A.B. asks: 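Take a look at the following structure, please.
Please read these numbers as outputs of a predicted model, since none were measured by experiment. Reckoned from all heavy atoms, side chains included, excluding hydrogens, waters and symmetry mates.
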Amino acid sequence: QVQLVESGGGLVQPGGSLRLSCAASGIIFDNFAMVWYRQAPGKERELVAEITSGGSTRYADSVKGRFTISRDNGKKSAYLQMNRLKPEDTAVYYCNAHITTILSGQIDYWGQGTQVTVSS
């Protein structure tokens with residue numbers, strides 16, 4: 001079966017750093033775009049960062065310059081390096097893998113999420 005497992009969340013002070021990891025199994029990883037989303041209580045889910053199968057990246061304006069997304073196809077993993085964290089970064093962070101297929105259109109897989117709390 002397909003599985004995405006996030007790790008690396010936790011409690012950090014404002015200005016600190018965390019590195020999130022997403023380990024994938026059950027998919028041909030190289031063909032998927034990998035995305036980090038986040039959702040805070042009472043707010044809608046938002047895209048944080050994306051890296052395509054070709055290595056192109058994009059970021060939400062709120063994290064640009066502070067966060068870096070990367071992938072290691074050999075390890076079938078994606079990462080999110082988060083620096084200079086702010087209280088407003090507090091959320092559950094979700095790993096997503098998606099691909100567009102000829103017959104079914106876009107297919108999405110989701111991880112269970114990992115909590116990031118930025119507080120003094």
A.B. asks: In this structure, would I69 and L85 fall into the same cluster of hydrophobic residues linked by side-chain contacts under 4.5 Å?
C.D. replies: yes
A.B. asks: Check this for me: I28, atom CD1, are more than 12 non-hydrogen atoms of other residues, nucleotides or ligands nearer than 6.0 Å?
C.D. replies: no
A.B. asks: Hydrophobic clustering (ILVMFWY, side-chain heavy atoms < 4.5 Å, transitive) - are L20 and V63 grouped together?
C.D. replies: yes
A.B. asks: Return the minimal non-hydrogen interatomic distance between C22 and M34, and the atom names on each side.
C.D. replies: SG-CE, 4.0 Å
A.B. asks: Could you list the residues that satisfy side-chain hydrogen bond (donor to acceptor under 3.5 Å, both in side chains) with Q112, not counting sequence neighbours?
C.D. replies: none
A.B. asks: Determine whether M82 and V12 make a side-chain contact, defined as any pair of heavy atoms from C-beta on separated by less than 4.5 Å.
C.D. replies: no
A.B. asks: My understanding is that only residues two or more places apart in sequence, or in another chain, count here; which of them pass side-chain hydrogen bond (donor to acceptor under 3.5 Å, both in side chains) with T68?
C.D. replies: none
A.B. asks: Apply ring pair (Phe, Tyr, Trp, His ring centres under 6.0 Å) to Y37 and list each qualifying residue two or more places apart in sequence or on a separate chain.
C.D. replies: W110
A.B. asks: Please list, chain by chain and in numerical order, all residues satisfying side-chain hydrogen bond (donor to acceptor under 3.5 Å, both in side chains) with D108, sequence neighbours excluded.
C.D. replies: N96, Q106
A.B. asks: Mind checking the CG-CG spacing from N73 to N31? Nearest 0.5 Å is all I need.
C.D. replies: 9.0 Å
A.B. asks: Identify every side-chain donor-acceptor pair in residues 45-53 under 3.5 Å, counting partners at least two apart or on other chains, and give the distances.
C.D. replies:
| residue | atom | partner | partner atom | Å |
| --- | --- | --- | --- | --- |
| E46 | OE2 | R38 | NE | 2.7 |
| E46 | OE2 | R38 | NH2 | 3.2 |
| E50 | OE1 | R58 | NE | 2.6 |
| E50 | OE1 | R58 | NH2 | 3.0 |
| E50 | OE2 | H98 | NE2 | 2.9 |
| T52 | OG1 | G54 | N | 3.3 |
| T52 | OG1 | G55 | N | 3.3 |
| T52 | OG1 | S56 | N | 3.1 |

A.B. asks: Let's go through Y94 and L4 carefully: what are the C-alpha distance in whole Å and the side-chain angles of both, what is the deciding distance for side-chain contact (heavy atoms from CB on, under 4.5 Å) to 0.1 Å, and is it a yes or a no?
C.D. replies: CA-CA 9 Å; Y94 296 93; L4 303 178; over 6 Å; no
A.B. asks: Looking at A78 and F29, what are the two nearest heavy atoms and their distance?
C.D. replies: N-CZ, 4.2 Å
A.B. asks: Side-chain contact, heavy-atom cut-off 4.5 Å: Y93 with E6?
C.D. replies: no
A.B. asks: Which heavy atom in Q81 sits nearest to a heavy atom in S17, and how many Å separate them?
C.D. replies: NE2-CB, 4.1 Å
A.B. asks: Please tell me whether I27 and I107 are part of a single hydrophobic cluster in this structure, the criterion being side-chain heavy atoms less than 4.5 Å apart.
C.D. replies: yes
A.B. asks: For a 4.5 angstrom cut-off between non-hydrogen side-chain atoms, does C95 reach W36?
C.D. replies: yes
A.B. asks: With rounding to the nearest 0.5 angstrom, report the OH to OG distance, Y109 to S25.
C.D. replies: 11.5 Å
A.B. asks: For a quick test of reading the model, state the closest non-hydrogen atom pair linking T90 to A40 and the distance between them.
C.D. replies: O-CB, 3.7 Å
A.B. asks: Would V92 end up clustered with Y79 when hydrophobic side chains under 4.5 Å apart are linked, directly or stepwise?
C.D. replies: no
A.B. asks: Just list the side-chain donor-acceptor pairs under 3.5 Å for residues 113-120, sequence neighbours left out, or say none.
C.D. replies:
| residue | atom | partner | partner atom | Å |
| --- | --- | --- | --- | --- |
| T114 | OG1 | G9 | N | 3.3 |
| Q115 | NE2 | A91 | O | 3.4 |
| Q115 | NE2 | T117 | OG1 | 3.3 |

